[in-house]
Amino acid sequence: MESGCIGTGTGNQLLHVDLRIDEHEPRRGILELLSRLRPCWKAQEIQMKTFTEGITNQLIGCYVVSLQEPGCVLVRLYGRKTELYVNRDREVEMFQVFHAHGCGPQIYCSFQNGICYEFVRGTVLDDELLRQPSIYRLIAAEMGRIHSIQPKCGRTVEPFLWTKMSHFLTLVESSSINNSPVEQRCTKSFAALREVPSFETLSAEMESLKRHLSQIDSPTVLCHNDLLTKNIIYNHKEGIVKFIDYEYADYNYQAFDIGNHFNEFAGVNDVNYNLYPSWELQRDWLTAYLESYKHSTGHEVTVTEAEVTQLYVQVCKFSLASNFFWGLWAILQSRFSSIDFDFQRFQRVNIEAHETTKKSRTFFTRCYYFTSSCII
């Protein structure tokens, strides 16, 4: 992959279809959409498969013969009020950048409440595959390639982490103020809402994270920022992995993207941070990552133990920000989303993991052992 300067998109205007698809009865609207995208398909032959892995949006695969055949279409229906905290224009831009560099699927069109894009052939990863060395090395190498994609020549990019978390916090505050008791009762229980830390507590924690993590010399690179197992497709036949879904893709701290991915080893539905990768797994993963990143940026591929250790320490620290980030996200989802998922528990687990890890003697020891300055 070339790592020279690039634009932020393909330069082509994306097709927009002025259509809103009913999330409760989507077939009719999808058929109307496919009449534009796949006019050769006969409506009576079109099959649809709803994927259940998503916890923010609805995802429906459309095909005639098989989903593994070329030309199949994925239709994504945006979740309720996700436009409040997902920049949809930026998401489309990221789709185009990833695709232009051979790292993602082609996006076909947008419509009022969603997008259509190319189906990536392969198998959605599961927690067991995530731990197989042959698989996680592919993931590490793919992340290294993506991190090497440079912004447009001369363009200065800032990590999106603090801007995004500040936006989340603003929405948390406004949703606490604006939600009427009736609306709250209709969506979530008062007991669960009371478990959420106060806005002041959350704001102070974010400022503390920002003070400490901004001092760490982690490069700002193109990141996926949401690399859970269900966003990784493994193609066994070709021996490759591809990352999908770019709602949060943007330029960000290198160590955040890796630390966020390591947190995902704990799972989503049944979160268990005892499954966080061991030092041995992280060392192997980070070595494969650095080899790929160096190769893709045109540097000497040799990776030293000191380089692995330095990145390991940075990743340990930024994993804290990942816990906090998704804790804020889950607070918003618990108030806005219509998806059947226990966002309150997810929020609680992430905030508690953030606090526990921050105070953990083990975490302090491993940070202090490798560096003289620790954020704890």
Side-chain angles (χ1 to χ4, degrees), residues 52-55 123-140 143 192 195-197 205 208-209 212-213 224-232 234 241 243 248 253 255-289 308-309 311-331 333-334 341-371 374-376:
T52 59
E53 290 88 359
I55 58 174
T123 304
V124 174
L125 223 59
D126 59 33
D127 294 342
E128 291 302 317
L129 284 174
L130 190 64
R131 294 179 174 278
Q132 290 188 13
S134 61
I135 306 296
Y136 71 62
R137 287 173 192 148
L138 289 176
I139 295 169
M143 187 180 285
E195 292 180 4
V196 175
E205 187 60 31
S208 176
L209 279 170
H212 290 104
L213 297 181
H224 185 280
N225 292 316
D226 187 20
L227 203 59
L228 67 163
T229 54
K230 305 308 181 184
N231 284 340
I232 304 171
Y234 173 52
V241 296
F243 304 160
Y248 301 97
Y253 295 105
F256 177 91
D257 211 17
I258 301 171
N260 181 77
H261 176 61
F262 285 172
N263 280 339
E264 298 296 352
F265 277 63
V268 174
N269 293 305
D270 297 307
V271 181
N272 179 4
Y273 276 96
N274 291 324
L275 299 176
Y276 193 88
S278 65
W279 154 244
E280 291 76 18
L281 191 155
Q282 290 184 65
R283 182 182 181 279
D284 193 34
W285 197 105
L286 293 171
T287 301
Y289 166 84
V308 173
T309 299
L311 184 55
Y312 166 77
V313 172
Q314 293 175 346
V315 167
C316 283
K317 296 177 180 182
F318 271 96
S319 69
L320 285 170
S322 166
N323 288 138
F324 189 72
F325 181 93
W326 294 112
L328 291 177
W329 173 89
I331 293 170
Q333 288 283 11
S334 70
F341 182 80
D342 192 350
F343 292 109
Q344 293 160 350
R345 180 177 182 276
F346 188 77
Q347 165 258 309
R348 200 162 54 246
V349 168
N350 274 277
I351 294 296
E352 288 174 357
H354 170 76
E355 289 300 320
T356 301
T357 306
K358 186 175 67 171
K359 296 174 183 177
S360 167
R361 182 179 298 275
T362 301
F363 182 81
F364 175 84
T365 301
R366 71 187 185 193
C367 280
Y368 188 82
Y369 180 79
F370 290 117
T371 181
C374 185
I375 69 169
I376 304 304

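The chain is numbered in sequence order, starting from 1. Since the structure is predicted, the reported quantities are computational estimates derived from the model, not experimental observations.
Of all non-hydrogen atoms in Gly259 and Ser319, the two that sit nearest each other are O-CB, 4.0 Å. Taking each heavy atom of Leu213 and Ala321 in turn, the nearest pair found is CD1-CB, 3.6 Å. Across every non-hydrogen atom of Thr229 and Leu130, the tightest pair is CG2-CD2, 3.6 Å.
When atom types are taken as modelled, the side chain of Asp127 and the backbone of Gly267 share no donor-acceptor pair closer than 3.5 angstrom. Listed for the Asn272 side chain is no donor-acceptor partner under 3.5 Å among the backbone atoms of Ala266.
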In sequence, state the C-alpha distance, the side-chain angles, and the governing distance for Val124 and Asn231, and then conclude on side chain to side chain contact (heavy atoms under 4.5 Å, CB included). CA-CA 7 Å; Val124 174; Asn231 284 340; over 6 Å; no
Is there a side chain to side chain contact (heavy atoms under 4.5 Å, CB included) between Tyr234 and Leu138 once you walk through the steps? CA-CA 9 Å; Tyr234 173 52; Leu138 289 176; 4.0 Å; yes
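Between Phe256 and Ser322 the shortest side-chain heavy-atom distance falls below 4.5 Å. Counting heavy atoms from C-beta outward, Leu281 and Asp284 have side chains that stay 4.5 Å or more apart. Using a 4.5 Å heavy-atom threshold, the side chains of Phe325 and Asn225 count as separate. Inter-residue side-chain proximity for Leu125 and Lys230 is flagged as unmet; no heavy-atom pair is nearer than 4.5 Å. Using a 4.5 Å heavy-atom cutoff, the side chains of Tyr312 and Arg283 are not in contact. Contact annotation: the side chain of Phe318 never approaches that of Asn260 to less than 4.5 Å [non-hydrogen atoms, C-beta and beyond]. Using a 4.5 Å heavy-atom cutoff, the side chains of Trp285 and Met143 are in contact. Annotation: side chain of Tyr273 is in contact with side chain of Asn263 (closest heavy-atom distance under 4.5 Å).
Taking the six-membered ring where the residue is Trp, the centroids of Trp329 and Phe324 are separated by 6.0 Å or more.
Atom-to-atom distance recorded for Gln282:CD and Thr287:OG1 is 11.0 Å, nearest 0.5 angstrom. Between atom OH of residue Tyr248 and atom CG of residue Asp226 there is a gap of 7.0 Å, rounded to the nearest 0.5 Å. A distance of 4.0 Å separates CG of Asp126 from CG of Leu129, quoted to the nearest 0.5 Å. For the atom pair CD1 (Ile258) and SG (Cys316), the distance works out to 11.5 Å, reported to the nearest 0.5 Å. Here the straight-line distance linking atom CD1 of Ile232 with atom CD of Glu264 works out to 8.5 Å at 0.5 Å rounding.
Residues forming a ring-ring contact (aromatic ring centres under 6.0 Å, His included) with Phe265 (at least two apart in sequence, or on another chain): His261. When the side chain to side chain donor-acceptor pair (under 3.5 Å) test is applied to Tyr289, the partners found at least two apart in sequence or on another chain are His147, Gln254.
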